[in-house]
Amino acid sequence: MNMHSPQPLKSAARTLEGRVALVTGSTSGIGLGIARAFAAAGADVVLNGLGDREDIAATQALIVSEFNVKAIYSAADMSKPASIADMVAMTIDTFGQIDILVNNAGIQHVAPVDQFPVDKWDAILAINLSSAFHTIRAALPAMRANKWGRIINIASAHGLIASPYKAAYVAAKHGILGLTKTVALETAELGITCNAICPGYVYTPLVEAQIEGQAKSHGIPREKVIRDVLLAQQPNKRFASVEELGALSVFLASEAGASITGTALPVDGGWTAH
């Protein structure tokens, strides 16, 4: 099974030249795919997330050399409002502006509601929902001053529907959609848009590890894990790619996306069409 796009997506034209994009949770996976797409479109980028500092520095250097843009890194803890405020301030101090904000940072824990650890609930709500409030709150004054801004919240198909055992994640992602709509309404006349992208399963190293783990623990072929376990709810039976999410983010951040605001855009292979 082809887990990526049928053919590679072409590099975007440099439609975001002169823009500055902050992407949380962007040292790997979806966030890194989006940051690279912005850089390919000419935007300077601010990376944020966990990982080995040498690996992060290498990722940063590759973005600079590959796309001829500036790239900086913030180790801000997305569960701490003061750390988030410092990250946004650093972005504005470095570049003089913040044009695009992508709230992508997230964590997950699976358990029945009555057995869900309280500390896990608090952490998921803090990182998956409250962090987006704090970044938006900190970034909006600069966007208002420039009369231009693009806020993109990475929600989930679970922002539109629910699954058992994911109470905190589902609650946070539903909350992200409410926050998205409110910010869109408040900024509708200011040249600022706010939208949510709702992916289903996206092929990342974390998902690959899940495939391998499920195949070993259940003694079934990886193809069966993909079709009948992970993608059971996705009619198209293929993972989205980080490049697809990057391309959509670039579109929303471009002038072509100026009238799209307050929306929840599923990228879920038909999952929420059921």
Side-chain angles (χ1 to χ4, degrees), residues 4-24 26 30-47 63 66-71 91 95-104 132 135-136 139-140 142-157 159-160 176-177 179-200 202 236 240-270 272-273:
H4 300 280
S5 305
Q7 49 191 315
L9 296 171
K10 294 177 182 174
S11 295
R14 291 176 77 86
T15 52
L16 300 180
E17 197 95 50
R19 300 296 186 192
V20 175
L22 166 59
V23 185
T24 69
S26 54
I30 293 170
L32 178 56
I34 291 172
R36 285 179 55 81
F38 285 147
D44 295 324
V45 296
V46 182
L47 303 176
I63 288 172
E66 196 173 343
F67 303 115
N68 193 28
V69 297
K70 296 188 180 81
T91 301
F95 296 107
Q97 65 200 77
I98 179 168
D99 304 296
I100 302 160
L101 169 64
V102 180
N103 289 303
N104 171 71
T135 56
I136 293 168
L140 266 182
M143 291 182 177
R144 286 179 190 272
N146 289 338
K147 299 183 172 59
W148 199 95
R150 297 287 188 267
I151 299 166
I152 301 169
N153 298 320
I154 306 303
S156 167
L160 298 163
I176 280 286
L177 297 193
L179 177 64
T180 298
K181 292 174 186 177
T182 299
V183 173
L185 293 175
E186 291 185 14
T187 60
E189 295 185 51
L190 303 175
I192 299 166
T193 68
C194 184
N195 293 287
I197 297 175
C198 300
V202 181
N236 70 342
S241 69
V242 297
E243 290 81 10
E244 288 169 348
L245 296 180
L248 177 56
S249 298
V250 168
F251 174 77
L252 290 173
S254 73
E255 294 303 333
S259 294
I260 302 172
T261 196
T263 63
L265 297 163
V267 184
D268 64 3
T272 54

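If you're wondering where the values come from, they're calculated on a predicted model, not measured in any experiment.
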With L101, the side-chain contact (heavy atoms from CB on, under 4.5 Å) member among L22, L140, V46: L22
Please round to the nearest 0.5 Å and tell me the distance separating atom CD1 of I63 and atom CZ of F38.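 Reported to 0.5 Å precision, the distance equals 12.0 Å.
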Between CD1 of I30 and CG of L32, what distance do you get to the nearest 0.5 Å?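 Here the interatomic distance stands at 11.0 Å.
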If every non-hydrogen atom of [X] is compared with every non-hydrogen atom of [Y], which pair is closest and at what distance?
{"X": "T261", "Y": "A184", "value": "OG1-CB, 3.3 Å"}
{"X": "A142", "Y": "I98", "value": "CB-CG2, 3.8 Å"}
{"X": "L160", "Y": "P266", "value": "CD1-CG, 3.9 Å"}
{"X": "R14", "Y": "F67", "value": "NH1-O, 2.9 Å"}
{"X": "A264", "Y": "L177", "value": "CB-CD2, 3.9 Å"}
{"X": "V45", "Y": "A39", "value": "CG1-N, 4.1 Å"}

[X] vs [Y] side-chain heavy atoms within contact, under 4.5 Å:
{"X": "N104", "Y": "S26", "value": "no"}
{"X": "L245", "Y": "P199", "value": "yes"}
{"X": "I100", "Y": "W148", "value": "yes"}
{"X": "I260", "Y": "F251", "value": "yes"}

Sorted by first residue and then second, give each salt bridge (charged side-chain N to carboxylate O under 4.0 Å, His left out) pair with at least one member in residues 31-46; sequence neighbours left out.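 Pairs touching residues 31-46 that pass the test: R36-E66.
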Which residue pairs pass the salt bridge (charged side-chain N to carboxylate O under 4.0 Å, His left out) test with at least one member in residues 184-193, sequence neighbours excluded? none
Which residues pass the salt bridge (Lys or Arg N to Asp or Glu O under 4.0 Å) test with D268, not counting sequence neighbours? none
Using atom types as modelled, flag every donor-acceptor pair under 3.5 Å from a side chain in residues 149-156 to any protein atom, sequence neighbours excluded.
{"from": "R150", "atom 1": "NE", "to": "L252", "atom 2": "O", "distance (Å)": "3.1"}
{"from": "R150", "atom 1": "NH2", "to": "S254", "atom 2": "O", "distance (Å)": "3.2"}
{"from": "N153", "atom 1": "OD1", "to": "N103", "atom 2": "ND2", "distance (Å)": "2.8"}
{"from": "N153", "atom 1": "ND2", "to": "T180", "atom 2": "OG1", "distance (Å)": "2.9"}
{"from": "S156", "atom 1": "OG", "to": "H158", "atom 2": "N", "distance (Å)": "2.9"}

Just by modelled atom types, is the A258 backbone N or O under 3.5 Å from a matching donor or acceptor in the T193 side chain? no
With sequence neighbours excluded, residues passing side chain to side chain donor-acceptor pair (under 3.5 Å) with T263: N195
